[in-house]
Amino acid sequence: MSIKMTRLFFALDIEEQDKKALAHWRETSLKLPFKKVPKDNFHVTLAFLGNISTEQQTALISFADQIAKAMDVQMDILLTEPRFSSFQVT
């Protein structure tokens, strides 16, 4: 039996104007020898959890939702790529 694993992390989103400023700085100040991360994917990682099973992911989503409600913040769940999952608190 194969268990589906997903790379999971908790992250804060960055305002669009700040993403543009970071991308501009990167273009003008850094000479990177590898593929650049698209600016729309910029974020601040709070915790990288690594490979998480579907059951663990469900439990973490429930727990994060409870914390977000207690803190009166909005939590968005993004599944942007099959190999990445992220939670954003805005």
Side-chain angles (χ1 to χ4, degrees):
M1 180 169 105
S2 172
I3 298 176
K4 183 179 182 243
M5 301 294 279
T6 302
R7 289 176 44 136
L8 189 74
F9 59 95
F10 287 90
L12 295 177
D13 199 10
I14 300 172
E15 294 288 332
E16 184 62 29
Q17 65 196 31
D18 296 327
K19 289 179 183 183
K20 287 179 182 177
L22 284 169
H24 176 73
W25 172 79
R26 177 181 64 186
E27 292 298 319
T28 59
S29 301
L30 298 177
K31 302 296 181 214
L32 301 174
F34 45 83
K35 183 178 174 184
K36 298 172 187 163
V37 173
K39 75 171 178 58
D40 291 337
N41 292 351
F42 290 175
H43 63 272
V44 177
T45 299
L46 300 175
F48 179 75
L49 304 172
N51 290 322
I52 302 295
S53 71
T54 302
E55 288 139 0
Q56 291 170 316
Q57 182 175 335
T58 300
L60 284 165
I61 289 171
S62 176
F63 182 67
D65 190 44
Q66 291 173 17
I67 292 171
K69 287 177 183 172
M71 295 174 61
D72 195 28
V73 295
Q74 175 186 344
M75 181 183 75
D76 298 323
I77 301 170
L78 301 177
L79 300 172
T80 57
E81 296 182 43
R83 62 188 187 104
F84 290 106
S85 297
S86 67
F87 300 88
Q88 294 183 342
V89 178
T90 55

Report task. Measure the CG-OG1 distance between L49 and T6 for me, rounded to the nearest 0.5 Å. Result -> 11.5 Å
Please table the atom pairs, donor to acceptor, closer than 3.5 Å between any side-chain atom in residues 26-34 and protein atoms at least two apart or in another chain.
from: R26; atom 1: NH1; to: V37; atom 2: O; distance (Å): 2.7
from: R26; atom 1: NH2; to: V37; atom 2: O; distance (Å): 3.3
from: E27; atom 1: OE1; to: K36; atom 2: NZ; distance (Å): 3.2
from: E27; atom 1: OE2; to: K36; atom 2: NZ; distance (Å): 3.1
from: T28; atom 1: OG1; to: H24; atom 2: O; distance (Å): 3.0
from: T28; atom 1: OG1; to: W25; atom 2: O; distance (Å): 3.3
from: S29; atom 1: OG; to: W25; atom 2: O; distance (Å): 3.3
from: S29; atom 1: OG; to: W25; atom 2: NE1; distance (Å): 3.4

Requested in this report: Return yes if some donor-acceptor pair links the side-chain N/O of T58 with the main-chain N/O of T54 below 3.5 Å, else return no.
Outcome: yes
Query raised in the report: Can you name the closest pair of heavy atoms from F10 and A64 and give their distance?
Result: CE2-CB, 3.6 Å
**Report entry** Separation between CD1 of I61 and CG of D65, rounded to the nearest 0.5 Å
**Finding:** 9.0 Å
Query raised in the report: side chain to side chain donor-acceptor pair (under 3.5 Å) with S53: which residues, sequence neighbours excluded?
Result: Q56
Requested in this report: Give, for atom CZ of F48 and atom CG of L8, the distance between the pair rounded to the nearest 0.5 Å.
Outcome: 8.5 Å
Query raised in the report: Atom CZ of F42 and atom CD of E15: how far apart are they, to the nearest 0.5 Å?
Result: 15.0 Å
Query raised in the report: Do you know the tightest heavy-atom contact between K19 and D40?
Result: NZ-O, 3.4 Å
Query raised in the report: Looking at CG of N41 and CD1 of I14, how far apart are the two atoms once the value is rounded to the nearest 0.5 Å?
Result: 10.5 Å
Report summary line: Looking only at heavy atoms, the pair that brings H43 and T45 closest together is NE2-OG1, 3.0 Å
